[in-house]
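In listed order, ligands and their atoms are each counted from 1.
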Amino acid sequence: MKIIIIGGSFGGVSCAREARRLYPDAEILLIEKKPILGLFQAACYC
Ligand SMILES: Cc1cc2nc3c(=O)[nH]c(=O)nc-3n(C[C@H](O)[C@H](O)[C@H](O)COP(=O)(O)OP(=O)(O)OC[C@H]3O[C@@H](n4cnc5c(N)ncnc54)[C@H](O)[C@@H]3O)c2cc1C
């Protein structure tokens, strides 16, 4: 399964974490147009 999430702010990061919990084997791609995710530098691989 491949899950693509657009937007890496609070909603997107939360969605990615929940998707990982529910689907441990899924390929999850989180796309953010800014150089940061949420409050963190863009180096988050879910
Ligand atoms: C000035 C201000 C102060 C706030 N203060 C508080 C507070 O103190 N406490 C609180 O609980 N809430 C606060 N909020 C509300 C809080 O910021 C929002 O509820 C929360 O950020 C919503 O998160 P979200 O992930 O749904 O959307 P957003 O934070 O809007 O995230 C959307 C993300 O999608 C990205 N994006 C958009 N289009 C694309 C695209 N085409 N491709 C890739 N990425 C894209 C954007 O860059 C962004 O990172 C505040 C809001 C504002 C504006």
Side-chain angles (χ1 to χ4, degrees):
M1 180 191 301
K2 186 168 189 174
I3 300 171
I4 300 175
I5 301 163
I6 311 294
S9 186
F10 303 108
V13 172
S14 175
C15 182
R17 287 172 56 88
E18 184 68 0
R20 171 59 69 228
R21 188 183 69 81
L22 292 172
Y23 308 105
D25 298 326
E27 179 182 351
I28 301 171
L29 180 61
L30 179 59
I31 299 173
E32 169 56 50
K33 66 181 177 181
K34 296 178 188 169
I36 57 170
L37 287 180
L39 297 175
F40 305 101
Q41 291 294 324
C44 174
Y45 298 96
C46 299

> What is the nearest protein non-hydrogen atom to atom 42 (N) of ligand 1, stated with its residue, atom name and distance?
Replying inline: Ile6 CG2, 3.7 Å
>> Is atom 53 (C) of ligand 1 near the protein, in the sense that some protein heavy atom lies at less than 4.0 Å from it?
In response: no
>> Looking only at protein heavy atoms, which one is nearest to atom 36 (N) of ligand 1, and what is the separation?
In response: Lys33 CE, 3.9 Å
>> Pairs of nitrogen or oxygen atoms closer than 3.5 Å, one from Gly11 and one from ligand 1: do any exist?
In response: yes
> Considering only protein heavy atoms, which is closest to atom 32 (C) of ligand 1, and at what distance to one decimal place?
Replying inline: Ser9 CB, 4.0 Å
> Under 4.0 Å from atom 46 (C) of ligand 1, do we find at least one protein heavy atom?
Replying inline: yes
> Which protein non-hydrogen atom lies closest to atom 49 (O) of ligand 1, naming both residue and atom, and how far is it?
Replying inline: Glu32 OE1, 2.6 Å
> Would one find more than 12 heavy atoms of other residues, nucleotides or ligands at under 6.0 Å from atom CD of Glu18?
Replying inline: yes
>> Please determine whether residues Leu22 and Met1 belong to a single hydrophobic cluster, defined as Ile, Leu, Val, Met, Phe, Trp and Tyr linked transitively by side-chain heavy-atom distances below 4.5 Å.
In response: yes
> Is at least one protein non-hydrogen atom found at under 4.0 angstrom from atom 2 (C) of ligand 1?
Replying inline: no
> Among Leu29, Ile28, Val13, which one satisfies side-chain contact (heavy atoms from CB on, under 4.5 Å) with Ile5?
Replying inline: Ile28
>> When you measure from atom 30 (O) of ligand 1 to the protein, is at least one non-hydrogen atom found at a distance under 4.0 Å?
In response: no
> Which atoms of ligand 1 sit under 4.0 Å from any heavy atom of Ile31?
Replying inline: 43 (C), 44 (N)
>> Protein non-hydrogen atoms only, distance under 4.0 Å: does atom 8 (O) of ligand 1 have such a neighbour?
In response: no
> Under 3.5 Å, side chain of Arg20 to main-chain N/O of Tyr23, donor-acceptor pair present?
Replying inline: yes
>> Among all the protein's heavy atoms, is there at least one whose distance to atom 14 (N) of ligand 1 comes out below 4.0 Å?
In response: no
> What protein heavy atom is closest to atom 22 (C) of ligand 1, reported as residue, atom name and distance in Å?
Replying inline: Phe10 CD1, 4.8 Å
>> Quick check: closest heavy atoms across Ala16 and Leu30, and the distance to 0.1 Å?
In response: CB-CD2, 4.4 Å
> Taking only heavy atoms of Lys34, which atoms of ligand 1 are found under 4.0 Å from at least one of them?
Replying inline: 47 (O)
> Protein heavy-atom contact under 4.0 Å for atom 17 (O) of ligand 1?
Replying inline: no
>> Minimum heavy-atom separation for Ile3 and Ala26, please, with both atom names.
In response: CD1-CB, 4.0 Å
> Does atom 11 (O) of ligand 1 have any protein heavy atom closer than 4.0 Å?
Replying inline: no
> Nearest protein heavy-atom contact for atom 34 (O) of ligand 1: which residue, which atom, what distance?
Replying inline: Gly7 CA, 3.1 Å
